[in-house]
Each structure stands twice: as C-alpha cells, then as structure tokens.
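Each remark here refers to the structure printed beneath this line.
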Amino acid sequence: MPELPEVEVLVRHLRPLVVGTKVRAVEVRKAKVLQPTKLTALRRTLEGATFQSLERRGKYLLFTLRSARGRQLVQLVGHLGMTGRMFVAPAKSQLPKHTAVLLDLGRQRFVYEDQRYFGRFTLDLRSVAKLGPEPLGPEFSADYLQRELKRSRQSIKVKLLDQTLVAGVGNIYASEALFLSRISPKLSANKLNRAQITRLVAAIRKVLAEAISFGSTIQLNHGGADARDGLFYFGRAEGTPDYYEERLRVYDRAGEPCRRCRTPIRRIVQAARGTFFCPKCQTA
DNA sequence: CACCATGTTCCTTG
DNA sequence: CCAAGGAACATGGT
C-alpha cells in the first residue's frame with residue numbers, strides 16, 4: 001500500500017499506538033529487510049527503548065526512540081516496498097504468512113509483514129538522506145521544479161518517480177497528477193513550459209492531499225486478514241462505494257472512458273512500468 | 001505457461 | 001563523471 005498518501009495515513013494510524021510503548025524484544029523472521037543493519041545491532045538498539053515519535057518522509061516511516069536508560073535518541077527507518085504492511089495487534093494474535101519483523105511491546109506487538117520482502121526495517125538512514133523535497137511542503141514550488149526539470153530529457157512521467165526530485169510520488173499518483181494537469185506523460189521533462197509546471201505542482205499536491213483525506217475518511221483495517229488488493233483496498237467500510245469507484249481518474253483504467261471526454265484511456269509502458277493517460281486531454 | 005503488480009538499487013550502455 | 005534504460009529482488013494474481 002505504499003505511495004505517500006498511504007504511508008501518511010498509516011503513520012497517523014500507528015503514531016498513537018506506538019508512541020510511549022517500550023520494546024521488550026525483537027524477533028526477525030526475514031533478515032533481508034534489515035539490510036545493511038545486522039540483527040545484533042537492531043536488538044542492541046531497540047530492546048529496552050521507548051518510541052518517542054513517528055513521522056513520514058516521502059514513502060518512508062521514521063521512528064524515533066529513546067534508548068533504554070540514556071537520553072540518547074535513535075532513528076529507525078521503515079519502508080513498505082510494494083506490498084508491506086505494519087500494524088499493532090494483541091500479543092497473541094495470528095500472524096500473517098510473510099511476517100518479517102515483530103516487536104514485543106508487552107500486551108501488544110508491532111508487526112511488519114511484507115509478501116515480497118521489498119521493504120525495509122533498518123537503522124540505515126542513507127536512503128532518507130537522498131530524498132528530494134516533500135511535495136506538500138513549501139520547498140516544492142514551480143521555481144524549484146523548473147530548475148530541476150530543465151536539465152533532464154527523461155519523460156516527465158518517469159522523472160516524477162525520481163525520489164530525489166520530489167519524495168513520495170509513485171506510479172499511481174504520477175499518472176493521476178499528469179492527467180489532472182493535462183500533460184502528456186511522454187513529454188520530455190525539459191520541454192514543459194512554465195504554465196504546465198505550475199499546473200503540475202498544483203496537481204501533484206491535489207492528488208496526494210485528496211488521497212490522504214480519502215484514506216482518512218474510510219475505515220481501514222490495517223491488521224486484518226482481509227484480501228490485500230491494493231491501495232486502501234482492504235478493510236474499507238461499507239457505504240463508501242461511490243467515492244471509492246471514482247477515486248482514480250486514469251490509473252488501471254485502460255480502455256475505459258476518460259472521465260472528462262469519454263475517450264478510451266490508454267496504457268503505455270515507460271521505464272518498464274505502466275503509464276495510464278487520456279490521449280485527447282493530455283496533449284504533448 | 002505468460003504477463004502483470006503501489007518500489008528501490010545495482011549494473012550496463014552510451 | 002553523468003544520464004538513462006533495464007534487470008533484479010520475491011511472491012502471488014489473473
């Protein structure tokens with residue numbers, strides 16, 4: 001469930017559940033997700049430590065803990081990859097098949113589960129340090145984007161996936177933002193004019209903010225055994241079907257009519273990922 | 001069997 | 001050295 005909005009909703013959900021709790025023990029079932037951190041280092045750092053805060057940066061979760069008796073603060077980085085989930089559940093509850101890391105919090109336990117194990121649960125901050133500005137923050141402006149795009153010949157769609165350009169936009173919301181700003185995904189980054197760049201900044205902010213508010217509205221069952229079929233797709237409450245169906249404008253809608261002009265939505269492949277767009281509304 | 005999937009990193013090519 | 005493209009990672013759904 002992992003682009004910026006999904007991570008933001010998860011962070012808001014988890015924050016009150018973990019802050020103030022103490023880690024009694026750490027169990028790792030898939031050491032790959034720790035890398036390059038060693039199991040012994042993770043244990044030494046986390047056992048006895050108390051969660052102090054939880055923030056989001058791009059698609060990453062940043063946990064800050066206070067060490068056992070010192071007043072030393074340590075940071076823990078989480079990433080959900082393509083299929084990761086994190087939740088807090090009763091200590092004896094059933095665990096998902098692909099559980100990677102477990103934190104014993106006493107009556108409750110924190111679970112990081114990831115079907116494909118593409119995610120991370122690590123003390124290594126290097127990936128976070130490389131991230132570009134937050135798209136919902138003040139640094140992400142038309143001036144900034146214009147400066148960054150002018151040297152790149154990559155298609156704008158592929159460029160938006162570059163986390164050093166802007167942190168948190170993924171394959172779904174890149175297509176969505178380009179549709180909203182009526183820019184062809186194939187347009188070379190350095191060919192966007194100022195008006196397009198201004199529209200794109202606004203569209204990125206809008207699709208992300210809209211998705212956060214959608215995810216905050218519906219009831220999500222983060223820890224449930226529900227079928228996991230995509231972004232916000234599990235455990236949603238009954239009675240929100242309309243908004244749910246209308247939520248995405250182009251992503252995964254190949255062949256279906258554009259919501260603006262009824263032209264069939266097209267799917268193309270860019271950098272080995274699917275891109276969805278309206279060939280009539282999104283002109284080069 | 002073939003192809004597809006919300007992400008990131010590494011390797012190769014130019 | 002840099003930019004860009006593609007494969008790899010691992011598992012499951014259609």
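Note that this is a predicted model, so its numbers are computed, not measured. Letters A, B, ... are given to chains in the order of the sequence lines, protein chains preceding strands, and every chain is numbered from 1.
Nucleic acid contact class of A:F118 (heavy atoms, under 4.0 Å, all strands): base. Within 4.0 Å (heavy atoms only), A:R126 reaches no atom of the nucleic acid at all.
How far OG1 of A:T198 is from CG of A:L192: 10.0 Å, rounded to the nearest 0.5 Å.
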- request: Spell out protein contact along nucleotides 9-14 of chain B as letters: B when the base is contacted, S when just the sugar-phosphate is, - when no protein heavy atom is under 4.0 Å; keep the 5' to 3' order.
  value: S-----
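Taking a heavy-atom distance under 4.0 Å as the criterion, the stretch of DNA chain C touched by chain A extends 5' to 3' from C:dA4 to C:dG12.
Toward the 5′ end of DNA chain C lies the nearest nucleotide of A:A272, the other residue of the pair A:K30 and A:A272 mapping further downstream. In terms of position along DNA chain B, the nucleotide closest to A:R116 lies nearer the 5' end than the nucleotide closest to the other residue of the pair A:L131 and A:R116.
In this structure, A:E148 has no side-chain hydrogen bond (donor to acceptor under 3.5 Å, both in side chains) partners at least two apart in sequence or on a different chain. Scanning for side-chain contact (heavy atoms from CB on, under 4.5 Å) contacts around A:A89 gives A:F87, A:S93, with sequence neighbours left out. Contacts of A:R43 classified as side-chain contact (heavy atoms from CB on, under 4.5 Å), with partners at least two apart in sequence or in another chain: A:V26, A:L39, A:E47. Listed by chain and residue number, A:E256 satisfy the side-chain hydrogen bond (donor to acceptor under 3.5 Å, both in side chains) test with A:R253 (two or more places apart in sequence, or in another chain). Partners of A:Q75 by side-chain hydrogen bond (donor to acceptor under 3.5 Å, both in side chains), not counting sequence neighbours, listed by chain and number: A:T64. Residues satisfying the side-chain contact (heavy atoms from CB on, under 4.5 Å) test with A:V74, not counting sequence neighbours, are A:T45, A:L65. With sequence neighbours excluded, the residues satisfying side-chain hydrogen bond (donor to acceptor under 3.5 Å, both in side chains) with A:N190 are A:S188.
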For a quick test of your reading: what N or O donor-acceptor pairs under 3.5 Å do the side chains of residues 15-23 of chain A make, sequence neighbours left out?
{"from": "A:R15", "atom 1": "NE", "to": "A:L54", "atom 2": "O", "distance (Å)": "2.9"}
{"from": "A:R15", "atom 1": "NH2", "to": "A:L54", "atom 2": "O", "distance (Å)": "2.9"}
{"from": "A:T21", "atom 1": "OG1", "to": "A:V18", "atom 2": "O", "distance (Å)": "2.6"}

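Using the six-membered ring where Trp is involved, A:Y117 and A:H98 have ring planes that are perpendicular, over 60° apart on the 30 and 60° scheme.
Rounded to the nearest Å, the gap between the P atom of B:dC11 and that of C:dA10 is 15 Å.
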task: Give the dot-bracket string for DNA chain B, reading 5' to 3', where a pair is Watson-Crick or G-U wobble with both distances under 3.5 Å, ( ) marks pairs inside the strand, [ ] marks pairs crossing earlier ones, | marks a partner on another strand, and . marks unpaired.
output: .||||.||||||||
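A:R57 has a carboxylate O that lies under 4.0 Å from a charged side-chain N of A:E134, or vice versa, which qualifies the two as a salt bridge.
Listed by residue number, the members of residues 174-186 of chain A with any heavy atom below 4.0 angstrom from DNA chain C form an empty set.
Annotation: A:K32, atom NZ; neighbour count of heavy atoms from other residues, nucleotides and ligands within 6.0 Å is above 12.
The one candidate from A:K186, A:Q270, A:K191 that meets the side-chain hydrogen bond (donor to acceptor under 3.5 Å, both in side chains) condition with A:S155 is A:Q270.
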